[in-house]
Amino acid sequence: MITMKSITAVIVLTLTLLALGGQGKHVESKVADKDFLMKQMFVFEMLEHIYQDDVFVRRYDSSFYEYKPWEHVSDYHHPEKMQHFFELWQQHPFGDDQMWTVMYDLHEEYAVGLVRLFYYAKNWETFQHVVFWARQHVNKQLFVYAFTIASLFRDDMQGIVFPAHYEIHPWSFFDSETLEMAEHYKMHGFHHVKQLNNVYNVVLKSNYTNVYGNMNDEHSLAYFLEDIGFNSFYYYFNLDYPYWTKGDDVHVLNKDRRGELYLYVHWQLLARYYLERLSNDMGEVPTFNMYEPVHSGFYSGLRDYNGVPYPSRPNYYSFYTPENLEYVKNVELYSQRIMDWIHKNDKYDVEIVNMLGNILQGNADSIDKQFYGSLDKWFRYIVNEGHPYNQYHETYPGTFMHYDTSMRDPLFYEVYKNLLSHYWHLMDTFPEYTKVDYGFEGVKIDDVHMPESLTTYFEYFDADISNAVNVEHSAIPMGDAHHNVGRNSYYNGSGFVIKARQHRLNHKPFEFTLDVSSDKAQAAVVKVFIGPKYDEYGNVIPLEHNYQNFFELEHFKVQLDAGVNHIKRASGDFSFWVNDRTTYFELYQKLMDATNSDYKFKLDQAESHCGVPNRMMLPKGKKGGQVYQFFYMVYPYHEPAVAQYTGYDPIVSCGIGHGSRYVDALPFGFPFNRPIKHDYYFMVDNFKFFDVKIFHRDEHTNVA
């Protein structure tokens, strides 16, 4: 495991399932020592009010302000890998006067160079200096991107908490009206705002973009499309697996089956979106056709820090324009090459699926990126279709060109349905699974016990968007102790916190118990999916046409005893779901308490960046109820090549690139990962469908 001298005492908070055969979700934590807290303080300070470079609370000595990394090459491992970045930067610095996106080749060069610079710093002192230099000089979206990636992989940053991305860069998540109102309160001196402990507390109602009406049917799903937690998850997924790198000697991204994971994540996002559409009487997700007008227009509602609005799109917009012809031809060319590769394939294993995912994304592990290109990127270019911008004759990078904003556009799902069609073409060439593949000899699910109705609701959620307003360098706090640990959100000597309040989807907790009989003691896995039962017209969807629509909720290992087993699981214990993020202000409060008292600054994965927000587990349903079906599977345990958690500490790390993240070696999405042409093959004792009606309740549950 990774050793970290700056993390001490381990506290094990084990929520053990009492049911026979159940395996609990272990929530373990570590407690940070003083050295760790100093690092944490530095990170918080570097990410506050990122567009201002002169408002630090702590006084940094002249070595930080005078630092130029190219004058200290001996302080870095592999200095030869930084040489190109140094040349590029000294010839063409990339500051906040330009719009950055990793999707452009030149911009990618800056990102690669900066990540390397951070990652290869030999020690903490060098790392601090180069991060401070970048914080002062580099475009801030580029800075946050590179700082986050390097921190995810540096040994001395394991366990360090980053504030939620939507609080670091609220411009990517909250509409311009909310940000304008935040600035309004600050500019008017927080007039009529009460103080609590010498801190102004402002709570703003933040609307979704359809507050004034829906521009199309998809716009009624703004609460889903614009969910800040769901969009943050996608942002971090793409930072965990940057397409431009294979990783390093320790973090080998392809060990995690990155291509297969890329396909599966997008498949699951698409399935989850379809479930939500059904709750709103909408049907299948259209497949993006670059030759025909797109029905769903898009209103972004966003603007960048400089005040430039992100482009919107009217309904029935055509992307088949002269400006896009080059991109369209590239999509045609690479699509044909990929389809040729698919139909020449004569292997039917996970590695082939992984290859396809790498090809479609066009990542560093593609078998031939020059020949197969990157369909992912070319589709993004087509949809972006921006206007000429800046000195390099690039187009303005709209929402589709940023990982933290692209899922807001309903076209995101249509594009990835097109991309995923290549996956389903490949799987159609694989042999169909039969009862022999699905069955588990001697094991039977006798019964499922769970509520026949589940409940969803909207609740208010507050995010700290204090970063969205500028602060004064001269402000000297009078009585707010947060200042002592680096917080710099102050006005006329008093601290302030500005919160954006949105209503977000959530659900009531639920649990299930499986009665499973086994003829012997043996290891097994349990998988749980939710899928549609009926289409938007109330017709039952045959499994042959429904297998792509199942969304995975849980996947865990159990030890079956001979005889009857009762496997119990609560939704709060589901494996890859995480709690809402603690706000920036509350993180500072915890840091302050840990620094000044015996309070324990706890480190765990309860709010892990790589987890999916648990509030998004269930579709909204309807007031009168909407029928969905749960699918349960008990299956033989297939031991992975590398035991889970090998090489990293799961208490503080997601284990990216160690090849040991997964509970077993099953293909992602099994048993729905291949076309189902004969539904009776699913009639095996270890599979069980269970109908559930999801009711949506109107009232808010935590109104302040």
Side-chain angles (χ1 to χ4, degrees), residues 40-62 64-66 95-97 128 131-141 143-144 147 163-164 166-174 176-204 206 303-308 462-500 583-589 591-592 595:
Q40 187 66 73
M41 190 184 305
F42 173 76
V43 170
F44 283 171
E45 193 166 35
M46 290 298 102
L47 295 172
E48 272 196 298
H49 300 283
I50 54 175
Y51 287 96
Q52 293 182 268
D53 57 13
D54 58 349
V55 292
F56 300 118
V57 171
R58 284 195 294 170
R59 300 303 177 193
Y60 291 88
D61 63 47
S62 59
F64 284 88
Y65 290 94
E66 297 169 0
D96 288 321
D97 58 332
Q128 273 190 300
V131 168
F132 188 91
W133 168 81
R135 172 69 167 74
Q136 298 287 99
H137 300 285
V138 173
N139 175 281
K140 296 309 179 293
Q141 284 185 287
F143 166 74
V144 172
F147 186 30
Y166 51 79
E167 296 186 340
I168 297 172
H169 201 266
W171 298 272
S172 297
F173 297 90
F174 297 96
S176 55
E177 186 176 352
T178 300
L179 302 184
E180 185 68 27
M181 188 58 65
E183 189 66 35
H184 170 87
Y185 269 95
K186 192 263 180 181
M187 292 299 293
H188 286 265
F190 298 101
H191 190 52
H192 294 312
V193 176
K194 293 181 180 180
Q195 291 191 35
L196 179 64
N197 297 326
N198 202 43
V199 176
Y200 292 109
N201 282 268
V202 177
V203 179
L204 304 173
S206 180
R303 63 171 173 84
D304 65 25
Y305 172 77
N306 296 320
V308 180
D462 293 345
D464 181 353
I465 61 168
S466 303
N467 260 20
V469 302
N470 291 331
V471 295
E472 301 170 17
H473 177 62
S474 59
I476 302 174
M478 299 299 183
D480 183 3
H482 296 89
H483 177 269
N484 297 327
V485 289
R487 190 170 189 272
N488 62 6
S489 296
Y490 289 92
Y491 176 81
N492 281 350
S494 296
F496 68 82
V497 57
I498 302 176
K499 297 177 182 178
T583 67
Y584 212 151
F585 183 80
E586 292 169 320
L587 286 172
Y588 257 121
Q589 179 70 47
L591 179 61
M592 180 187 71
T595 303

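Within a 6.0 Å sphere centred on CD of E177, other residues, nucleotides and ligands contribute 12 heavy atoms or fewer.
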(request) Please report the C-alpha distance between R58 and M41 in whole Å, then the side-chain angles of each, then the deciding distance to 0.1 Å, and finally whether the side chain to side chain contact (heavy atoms under 4.5 Å, CB included) criterion is met. (result) CA-CA 10 Å; R58 284 195 294 170; M41 190 184 305; 4.2 Å; yes
(request) Apply the test side chain to side chain contact (heavy atoms under 4.5 Å, CB included) to residues L179 and R303: give CA-CA distance (whole Å), side-chain angles for both, the deciding distance (0.1 Å), then the verdict. (result) CA-CA 9 Å; L179 302 184; R303 63 171 173 84; 3.7 Å; yes
(message) The test is side chain to side chain contact (heavy atoms under 4.5 Å, CB included); show your working for F173 and I465 and say whether it passes.
(response) CA-CA 10 Å; F173 297 90; I465 61 168; over 6 Å; no
(message) Apply side chain to side chain contact (heavy atoms under 4.5 Å, CB included) to residues Y305 and H169 and explain how you reach the verdict.
(response) CA-CA 9 Å; Y305 172 77; H169 201 266; 5.6 Å; no
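Across H49 and R135, no two heavy atoms sit closer than the pair O-NH2, 3.1 Å. When all heavy atoms are compared, the tightest approach of W171 to A468 is CZ2-CA, 3.7 Å. The shortest heavy-atom contact between P163 and L587 is CA-CD1, 4.1 Å. Annotation for T583 and E586: closest pair OG1-OE1, 3.0 Å, computed over non-hydrogen atoms.
In this structure a side-chain-to-backbone donor-acceptor pair under 3.5 Å is missing from N488 to V57. Side-chain atoms of Q52 come within 3.5 Å of backbone N or O of V471 as a donor-acceptor pair. Counting only distance, with no hydrogens or angles, the side chain of N306 and the backbone of V308 share no donor-acceptor pair below 3.5 Å.
At least one side-chain heavy atom of F147 sits less than 4.5 Å from a side-chain heavy atom of L47. Contact annotation: the side chain of H137 never approaches that of F143 to less than 4.5 Å [non-hydrogen atoms, C-beta and beyond]. Side-chain contact between Q40 and T595 is absent, with no heavy atoms from C-beta onward closer than 4.5 Å. Using a 4.5 Å heavy-atom threshold, the side chains of E48 and N467 count as touching.
Under the side chain to side chain contact (heavy atoms under 4.5 Å, CB included) test applied with K140, the options I168, I50, D53 reduce to a single match, I50.
For Y60, the ring pair (Phe, Tyr, Trp, His ring centres under 6.0 Å) partners at least two apart in sequence or on another chain are F56, F64, F132. Looking at residues two or more places apart in sequence or on another chain, you find a ring pair (Phe, Tyr, Trp, His ring centres under 6.0 Å) between Y584 and F44, Y588. Taking the side chain to side chain donor-acceptor pair (under 3.5 Å) definition, one finds that S466 meets it with D464, sequence neighbours left out. By the side-chain contact (heavy atoms from CB on, under 4.5 Å) test, N139 pairs with F94, D96, W100, Q141, L142, sequence neighbours left out. The side-chain contact (heavy atoms from CB on, under 4.5 Å) check on A164 picks up Y166, E167, R581, with sequence neighbours excluded.
Separation of atoms CG (D61) and CD (E66) is listed at 8.5 Å; rounding is to 0.5 Å.
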Mind listing the side-chain donor-acceptor pairs of residues 182-192 below 3.5 Å, one per line with the distance, residues two or more places apart or on another chain?
residue, atom, partner, partner atom, Å
H184, ND1, H188, NE2, 3.4
K186, NZ, N470, O, 3.2

